[in-house]
Amino acid sequence: MTNRTKRQKHAILALTFLTAPGLVSAQEQPQRIVSIVPALTETLFAMGAGDQVVGVGSFDTHPPDITTRPRVGGLLDPDMEQIFALRPDLVLLYGSQQNQAEQLARAGIQVLPYTHGGIDDTLSVISHLGMQIKRPNDAKRLIHSMQAELENVRARVAQRERPSVLLVFGREPGALRNIYASGGTGFLHDMLEAAGGRNVLAHIARESLQITSEAILASAPDVVIELTYDDRMTQETRAAEVAVWNRLPAVPAVRNQQVHLLLGNHFVQPGPRLAEATTAIARALHPEAFLPLLELAR
Amino acid sequence: MLEGISAISTVSSVSAGDLRRHIWLVHIGFGALAALTCLAAPLVGPTPISLRAVFDQSLPFAQNVDAQIFFIARLPRAIAGALVGASLATAGVVLQALLRNPLATPFTLGVSAGASLGAMLVITFGVPLAVLGAAAVPVASFTGAVGALAIVYGLATMRRQGLSTLVLLLAGVTLNSLFSAVILFVQYVADPAQTLQSVRWVMGNLDVGSYNPILWAIVPMGLAGAVFARLPRALNLLTLGADSAATRGIDVLNTQRLAFLSASLATGAAVAIGGPIGFVGIIVPHLIRLLVGADHRLVMPASAFVGAAFLVACDVAARTVLSPMELPVGVVTAMLGGPFFLWLLVRHR
């Protein structure tokens, strides 16, 4: 908790500091925005500011409109020349890209550095971004709709038993090796808890950790949720990747066929579709809470 | 270290009976060390398991957590560690003798870089290379190793009759850098998540998860091992120089060819299942030379046993120290092996 508030404070501090040189123009709504952070690009479009987006990052995929915008690199390879050439008045980049932030600030361009955290951090980032682009009401609307969806999920799963869950988000293809799972902090953990699951690695204060197969056997999760951003995966590959888990038959999740492979980049990008992703996890964990009958009864 | 290798002439003055006794001692002593380590390793771990439960026949395997921790999470790792450790250590011995260079490692001649490139390509582009139950990454990695081996061997035999160890070394080192550059490029264009996977792969990991990759690797490793067993006497003479070895009735070209191919095969198989785990292939041979002298009839078996024991022990550390987090075994071998070897080096001077 303290960690999170501290991070928020840092984000706000960084925001005030880095936007200071651009204060003169800060009064007007930014008209030309470059975003290399997929989650923020998506947020801009969700707030109705898509027309102002003039450049996007290499890994942006959502919404489909972004394919018409020039790509200006990513976390490791931001193309500063191209960014300058797009004459942006606001650039959204990663918090670790301090070099680039300084260059932009020197040119009088507003910068919003991004760090991700839990669900609350995601919502406060959206709120900051809304203020920055002078669309506070759009931001509020987006946040409210996300919160409403999250509340809906929480309400549906509230009375249900919370299964213990291992949330995997990276693994060597075709093998149970180099398995990365969510620890007890960060948006993946928050999403899992909101979706009515109990993270078996909740006691580890890290966003991610590489876990041994022994630890998987020892922690005996009731459910394994595996997230992959690759949504072009074929049905056969999908089945094969789920079947890989059969090598650990003592894990309750494997024994009871509770290994779920969820596809889509919204699971790994804490943006506007975070609530949608949470719903998908909740549906995998508690399918009975989403039966059409209940849908009608509500 | 150089004088260690060239001290063979003095070693060979030991009487035949003494040598036979030494060989026996080495096999029994170091063999026992390796066997004990391999037997003890699956018993050690962050989760307490009971041996009685492990071998409890009344409970079906599918429900027996203790048995699964033992047979799935620990035993394959110990076996893989022993095979990879023995292969890398003996490949190191052979290559150091073949190249007459104490700095040679199993990774000097480009084989591991080829293996890494193969693995990177599959991790990044998802080439469906899975064959007969073997996972795609090890298959691609072994294919890459064989490709690199073929290129280096082709280059070293192209210019003149015979095998030029100088060309072998230079071609290997150059190919290493070239492949490393391609690997960096592939990692750079990859998604961050894939880059994380491939960077992690390079750090080495023995959590093989099943016996399948081990069964596959045993074939090339066994082949290489059979060749290794016949090499020691020829290697002793080869370290004195190709010419003097030839005058003593050694088929130099054939020995060099066998040494290079078998060491590369062992390395390729080891990297395919464990990733490029560093330090084993250079520390263990030198440690053994400090302990038993430079005669390859002693160094070869001793290195195999100690390499196996060392890597199995390092892997126990890798899976226990930060549990439930896995520590890359390549990091452990470097952090334990490096300082220990330096200490040994200083102490023996």
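- Of all non-hydrogen atoms in B:P138 and A:E172, the two that sit nearest each other are CD-OE2, 4.3 Å.
- Proximity to chain B is limited to the side chain of A:I204, based on heavy atoms less than 4.5 angstrom apart.
- How far CG of A:L209 is from CG of B:L322: 10.0 Å, rounded to the nearest 0.5 Å.
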What side-chain donor-acceptor pairs closer than 3.5 Å can you find for residues 215-224 of chain A, not counting sequence neighbours?
unit_1	atom_1	unit_2	atom_2	d
A:S219	OG	A:A215	O	2.8
A:S219	OG	A:I216	O	3.3
A:D222	OD2	A:S164	N	3.0
A:D222	OD2	A:S164	OG	3.3

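- Considering only heavy atoms from C-beta on, A:T212 comes within 4.5 Å of B:R77 through its side chain.
- A pairwise comparison of heavy atoms in A:R255 and B:A62 identifies NE-O, 3.9 Å as the closest pair.
- Near-neighbour residues of residues 40-47 of chain B relative to chain A, defined by a heavy atom under 4.5 Å from a heavy atom of that chain, comprise B:G45, B:P46, B:T47.
- Of the options B:E326, B:R200, B:M203, a side chain to side chain contact (heavy atoms under 4.5 Å, CB included) to A:N178 is made by B:R200 and by none of the others.
- Here the closest heavy-atom approach between residue B:Q68 and residue A:A250 is recorded as OE1-N, 2.5 Å.
- When B:W201, B:Y188, B:F61 are compared by the number of non-hydrogen pairs under 4.5 Å with chain A, B:Y188 comes out ahead.
- The part of A:Y180 that comes within reach of chain B is its side chain, from C-beta onward, which places non-hydrogen atoms under 4.5 angstrom from that chain.
- The neighbour count for B:F185 CZ, taken as heavy atoms of other residues, nucleotides or ligands under 6.0 Å away, does not exceed 12.
- With respect to chain A, the highest number of heavy-atom pairs below 4.5 Å among B:Q63, B:R319, B:R74 belongs to B:R74.
- At a threshold of 4.5 Å between non-hydrogen side-chain atoms, the residues A:Q210 and B:N205 count as touching.
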